[in-house]
Amino acid sequence: MDYLPIFLDIRGQPCLVVGGGEVAARKAALLLRAGARLAIRAPSLCADLEEDLAAGRIAHHAGIFQEGDLVGISLVIAATDDEEVNRSVAAAARSRRIPVNVVDVPALCSFIMPSIVERGPVIVAVSSGGNSPVLARLLRARLETLIPSSYGRLAALAGVFRERVKARFAPAERRRFWERTLQGPIAELVFSGREEAARNAMQAALDDNRLAFTGGEVALIGAGPGDPDLLTFRALRLMQQADVVVYDRLVSKPVLELVRRDAQFIYAGKERAKHALPQEDINHLLVRLAKEGKRVVRLKGGDPFIFGRGGEEIDTLAAEGIPFQVVPGITAASGCAVYAGIPLTHRDYSQSVVFVTGHLKDGSMDLNWPALAQSRQTLVFYMGLLGVEILCRELIANGLPAETPAALIQQGTMPEQRVLVGTLETLPGILRTGNVKAPTLIIVGEVVRLRERLKWFETAA
Ligand code: SAH
């Protein structure tokens, strides 16, 4: 280890920044956040520092650095673009044993500053030991995505209960209590913004003479259209904590690979006409698994509330009193449109977009055709492959021009994605010869034309 990582308490301590530019301003801001009593030594100040000065947050010693500036100082940062000045600050500070940092010159530093991820009182500091600040920043960015933004609130909640838990449990039990509450359902309540419920659950866990809330729960998660990069952070986190995952046919393999490996995988299927599990059974399966105390992840393609029967599944959960949460996902319309280079709305061509189910019931589609066949509107048909001929015919019959552009996107956002483009008149014929595989999405409207302008996307097959 080249450096000792420590967190320094500088609240109310006199600190000095030498330099009045933007870099100095950034360092000053950090010191102020940590509560320092801050003075700036510099001939002049940049706008941000002037503002701090006007607001009384800092003191300003105009002019250039002198050794006497360090009298009584607890910590100093040199942030000037004058090497000579930086060097003399470093030398003076070292001879007085005052911790000193010279920005971007590790050789002159007695301490270096890490990249930080901040979540309220929780701070993660990353350092490359001065070898590569950029690398540390990249790592920091990865941590940012891993740590829920409300981690600070979780820490604050733990802080509130700390003494009570201490009084209640012996050390080993206490540790287990915290391990369970800080990564179990109580934590999830905090992450999904239900802090009061989290506080109550915490208190109940204490009162209950139990180690912690141990019941199961269900997360109904939108897995997006296929590309695993389109998952949300919350989805990924819950998938990695799952005991059991119940998934649909539409959930792609690369997404499934991100679920915790030790989890139990249950296929709930749903292919047109032949359902692997009837919806009723899925609803009750989720309830049963949760009642066994499991952390159940119900993974659905796209967004659970868009043609996903998510509403029915949570109905049953709610009726049975099972705690659940719903995690939105990128719906096929958004994912496929972007990956195919078709903006769903456009100031000049389309002012509204309608998501429609093209599912056939007894060989027909019961839709409000006159409302759909409107100009300046984009239509997105889900589950429409079998009904393509009907929907094209009906839209024309109800007033849309036969040459209205239409695109079919197959396996959107996945490496196998294909886009077939035609018009309301030609699309059915194109599909007959196209060897099309599910899942497919159909987009109808002038916006489809814009695709030709966005040439960097793959061309139609
Ligand atoms: N809840 C899902 C939709 C479920 S309905 C969502 O929000 O996306 C199933 C239909 O979604 C499929 O028949 C198909 O029309 C569409 N779909 C889902 N994923 C798709 C993909 N990767 N490419 C094309 N269409 C897709």
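All ligand and atom numbering here is 1-based and tracks the order in the structure. The first residue of the sequence shown is numbered 1, and numbering continues consecutively from there.
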Query raised in the report: Do Leu31 and Ile10 have side-chain heavy atoms sitting under 4.5 Å apart?
Result: yes
Query raised in the report: Strictly under 4.0 Å, does any heavy atom of Gly226 approach an atom of ligand 1?
Result: no
Report task. Run the numbers on Asn200 and Glu196 for side-chain hydrogen bond (donor to acceptor under 3.5 Å, both in side chains), then give the verdict. Result -> CA-CA 6 Å; Asn200 294 342; Glu196 185 163 349; 4.5 Å; no
Requested in this report: Can you sort out which atoms of ligand 1 are near Ala332, meaning under 4.0 Å from one of its heavy atoms?
Outcome: 6 (C), 7 (O), 8 (O), 16 (C), 17 (N), 18 (C), 19 (N), 20 (C), 26 (C)
**Report entry** Structural part of Leu250 in contact with ligand 1, heavy atom criterion under 4.0 angstrom
**Finding:** side chain
Query - Check: Pro225 N/O within less than 3.5 Å of ligand 1 N/O - result: yes
Query raised in the report: Between Arg288 and Glu292, does at least one N-O distance fall below 4.0 Å, as a salt bridge requires?
Result: yes
Query raised in the report: Under 3.5 Å, side chain of Lys300 to main-chain N/O of Gly222, donor-acceptor pair present?
Result: no
Query raised in the report: What do we get for Cys336 next to ligand 1 when only non-hydrogen atoms under 4.0 Å count, side chain, backbone, both or neither?
Result: side chain
Query raised in the report: Is the number of heavy atoms from other residues, nucleotides or ligands within 6.0 Å of CZ (Arg164) greater than 12?
Result: yes
Requested in this report: Provide, to 0.1 Å, the distance between atom 11 (O) of ligand 1 and the closest protein heavy atom, together with that atom's residue and name.
Outcome: Tyr382 CD2, 3.3 Å
Requested in this report: Using modelled atom types only, decide if a donor and an acceptor are shared between the side chain of Thr440 and the backbone of Val436 within a distance under 3.5 Å.
Outcome: no
Query raised in the report: Is any side-chain heavy atom of Val165 closer than 4.5 Å to a side-chain heavy atom of Leu206?
Result: yes
Report summary line: Which of Val244, Val251, Val245, Val297 passes side-chain contact (heavy atoms from CB on, under 4.5 Å) with Val259? It is Val245
Report summary line: Note: ligand 1 atoms sitting under 4.0 Å from heavy atoms of Thr331 are 6 (C), 7 (O), 8 (O)
Report task. Begin from the C-alpha positions of Glu313 and Gln279 and carry the test side-chain hydrogen bond (donor to acceptor under 3.5 Å, both in side chains) through to its verdict. Result -> CA-CA 8 Å; Glu313 296 184 10; Gln279 188 65 48; 2.9 Å; yes
Query raised in the report: Among all protein non-hydrogen atoms, which one is nearest to atom 23 (N) of ligand 1, and what is the separation to 0.1 Å?
Result: Gly412 N, 2.8 Å
Query raised in the report: Under 4.5 Å between any side-chain heavy atoms of Leu424 and Leu400, yes or no?
Result: yes
Query raised in the report: Are any of the N or O atoms of Ile306 closer than 3.5 Å to those of ligand 1?
Result: yes
Report task. Please confirm whether Lys300 comes under 4.0 Å of ligand 1, counting heavy atoms of the residue only. Result -> no
Query raised in the report: Which protein non-hydrogen atom lies closest to atom 2 (C) of ligand 1, naming both residue and atom, and how far is it?
Result: Gly301 O, 3.2 Å
Query raised in the report: Backbone, side chain, both or neither: what part of Leu385 comes under 4.0 angstrom of ligand 1, heavy atoms only?
Result: neither
Query raised in the report: Looking only at protein heavy atoms, which one is nearest to atom 4 (C) of ligand 1, and how far off is it?
Result: Phe307 O, 3.3 Å
Query raised in the report: Which heavy atom in Ala158 sits nearest to a heavy atom in Leu182, and how many Å separate them?
Result: CB-CD2, 4.2 Å
**Report entry** Shortest reach to atom 13 (O) of ligand 1 by a heavy atom, considering only Met383, Arg418, Gln417, Met414
**Finding:** Met383
Query raised in the report: Hey, does Asp303 come in under 3.5 Å of ligand 1, counting only N/O atoms on both sides?
Result: yes
Query raised in the report: Do any N/O atoms on Thr413 end up under 3.5 angstrom from N/O atoms on ligand 1?
Result: no
Report summary line: Looking only at protein heavy atoms, what sits closest to atom 14 (C) of ligand 1 is Thr440 O, 3.1 Å
Report task. Check each atom of ligand 1 against the heavy atoms of Ile409 and keep those under 4.0 Å away; list them by number with element. Result -> 24 (C)
